[in-house]
Protein chains: 2
Amino acid sequence: MVTIGDVARAAGVSRSTASYALSGKRAISAEVRQRVNDAVLRLGYTPNAGARALATSQTMVIGLLAQFLEDEFAPAMLEYMLGVSDTARELGYDTLLVTDSDGAKALRRITDSRMVDGLVLLNVAQDDVRLPVLRAAPQPGALVGLPGDCSGLDVFDLDFEEAGRMMVDHMHRLGHRELILVSQPEHVVQRGGAYVWRLQDAALQQARLRGVTLHAVYGESRQPAVGRSMNALLDAYPSATGLLLNNEAAAAALPTVLHDRGLTVPHDLSVIGRYSDEFARVFSLPYSSIESAPDRLGRMAVRQLVRRIESEAGRAEPYVVRFVAPELVDRQSTAAPRT
Amino acid sequence: MVTIGDVARAAGVSRSTASYALSGKRAISAEVRQRVNDAVLRLGYTPNAGARALATSQTMVIGLLAQFLEDEFAPAMLEYMLGVSDTARELGYDTLLVTDSDGAKALRRITDSRMVDGLVLLNVAQDDVRLPVLRAAPQPGALVGLPGDCSGLDVFDLDFEEAGRMMVDHMHRLGHRELILVSQPEHVVQRGGAYVWRLQDAALQQARLRGVTLHAVYGESRQPAVGRSMNALLDAYPSATGLLLNNEAAAAALPTVLHDRGLTVPHDLSVIGRYSDEFARVFSLPYSSIESAPDRLGRMAVRQLVRRIESEAGRAEPYVVRFVAPELVDRQSTAAPRT
DNA sequence: GACAATCGTCGAACCGGTTCGCAGATCTGA
DNA sequence: TCAGATCTGCGAACCGGTTCGACGATTGTC
């Protein structure tokens, strides 16, 4: 293994001089700098990450805590992960992926041992057990997902309230007066998936405001149960003319269900979902949807995190809670209700 | 930050004694060991990962190189990643996730800086540019996916040849005499996705052997192209009675296509895919399939990698190339052809 | 009872970087 | 011409662990 000592010797200077020549933190004559750089190339020198971390107490690694929970839709999580990883790399950081089922314990391990300079938490719940650990850690943290208590942390999430209102308003404008909203399974809500009722409550309120009937139900999380329950739902509310989906599994199952019932979209039924464009492509879903922008959220979280890591001023800045405004991607799956 | 020096002082011993008490690498009196352990708990001591890495030249981190290529099915990759990450954690290692588009460069960065003790490469191509870098690295590496040259590396993959033969034989036994095989897009093959032609060639050969007509075609990678091409295919070979799918996007698109054509499985058409059980669940695919076992492959790769990392003997052991035997998961989507 | 082996602990060196203080050489201006 | 400022480079200390060699105290053996 080639060390900075080897480089220094090859260049005929001291270790400290070699270090300064490479970091540029002190003035070094052009000639010496050249000799050092030559030696680096000739010997193929790369600084040892552990040694550098020890000396600078900076690892240039951020921790990514992803949790794959029962009833959660795993492929959706991947998009957040890639957003985080790619953005981190652009900013010079590597990503330590943590998928332990016991997130709090894993988080403590990572932070206490100083393996990372900062943390991004995905899939944050209303009362997330990881948050106390994160607040107590010396490293800054950024969340994707809105918890009940945001203090001491930067938080990024889709504006689910606005998403709920948009769905209802869009349908109302087209003339719909009776809608069904399929949310994630109740299990997810009980576990603290706050985004579910954030969207649902806002949708219900907006429906009242507009004089629209809204049947809000919890869906299932996987086949074949989700298909059956969608069928039951359409049977239960035969006069509903619009379907709102805040449930990936339900969206994925819908094409088959509608086909079986001989219904076409938007002629017989108008549909709006809430998922990413990438998701729509992969699952070939032909429904208009509120873009959930996982890549953007991951990117925003990392950007803010790195700002906080790198500037001593950043540490003191007030914490932000930032909502991404929902956008409706029109895939022609809504129209005026059949008279 | 609390260091081992703080622990030693609190326990009234030297730093080295504290270290030995914790590692157990030398005999320490029960009483001193107790005092040290108490101090650790009281102060909340956790070893600094960077310092330990520097001293032991072991980071307890493995690198996971995943590449998300155009036309590749991202959700499938996630299963491999989780298999690797979870297994690594069980064995005491953390996972550094690398998703750089320039895999070779990223690999060099990770290995040269000694950030990881070993590497797992996913999605390995026939002539993968990352392999020369990996072979030159001081850390051992394990591959998921079979390259042209396996020297100096441990390799794990599904036995795609056997998978191709199984598909054909299964259909042949049921009485089918004309089949269609839909592979990944040609683009994937040209990029070095060897598994595509490994399965295809074996299937073609077995078909010849059994006297079965096999139409082998490259599919598309995404909607709506893949749906259209599947339709065109069924038009082109109207007398084919069985469909073999080595293409996730095609499998995901098939239910809608068949529904539109009014075909039911297995009455009008027999279908076998090649994807994981998890994939089948998420996409609610009702077709029998060759289980591609991504979690198992990830697990095997990490196990072997850690063995090589941890035993000096392991380093010298002969390298292995291990194929997972394909298993057919019966989902009742095949039957005798309609007469 | 003398001597060797074993046990338990300590001090010091080392891993490979970074950074602070210092000093010799060169430059500046009065 | 000389004091003071500037420019370059060096040596040493430090980051927080691990590990080797040494040494006094205890135990075992003949």
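Labels below follow one simple rule: chain letters A, B, ... track the order of the sequence lines, proteins then strands, and each chain is numbered from 1.
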Rounded distance in Å - CZ (B:Arg26) to C1' (C:dT9) |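 Atom CZ in B:Arg26 sits about 9 Å away from atom C1' in C:dT9.
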Round to the nearest Å and state the distance from B:Arg33 atom CZ to C:dT9 atom P.
-> 9 Å
Pair A:Arg9 + A:Asp6, salt bridge at N-O below 4.0 Å =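 A:Asp6 and A:Arg9: salt-bridged.
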Salt bridge or not for B:Asp154 and B:Arg308, using N-O below 4.0 Å?
-> yes
Assert: residue with more 5' nearest nucleotide on DNA chain C, out of B:Ala30 and A:Arg15, is B:Ala30
On DNA chain C, nearest-nucleotide positions of B:Val32 versus A:Thr46: which is more 5'?
->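 The 5'-side residue here is B:Val32.
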Neighbour count above 12 (heavy atom, 6.0 Å) for B:Arg108 CZ | no
On DNA chain D, reading 5' to 3', which nucleotide is the first and which the last to sit with an atom under 4.0 Å from a heavy atom of chain A, could you check?
-> D:dT8 to D:dG16
Is there a donor-acceptor pair closer than 3.5 Å between any side-chain N or O of A:Asp295 and the backbone N or O of A:Gly83?
->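 No; judged by distance alone, with no hydrogens or angles, the pair does not exist.
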Closest-nucleotide 5' rank along DNA chain D - winner of B:Ser16 and B:Gly50 |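 Nearest nucleotide further toward 5': that of B:Gly50.
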Does anything in residues 118-129 of chain A pair up under salt bridge (Lys or Arg N to Asp or Glu O under 4.0 Å), and if so which pairs, sequence neighbours excluded?
-> A:Asp128-A:Arg130
Between A:Val124 and A:Leu143, the two heavy atoms sitting closest are CG2-CB, 3.9 Å
Is A:Ser29 touching bases, backbone alone, or none of the nucleic acid, heavy atoms closer than 4.0 Å?
->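 If one applies the 4.0 Å heavy-atom cut-off, A:Ser29 turns out to touch the sugar-phosphate alone, with no base involved.
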Determine the contact category for B:Ser19: base if any of its heavy atoms lies under 4.0 Å from a base atom, sugar-phosphate if only primed atoms, P, OP1 or OP2 are that close, otherwise nothing.
-> base
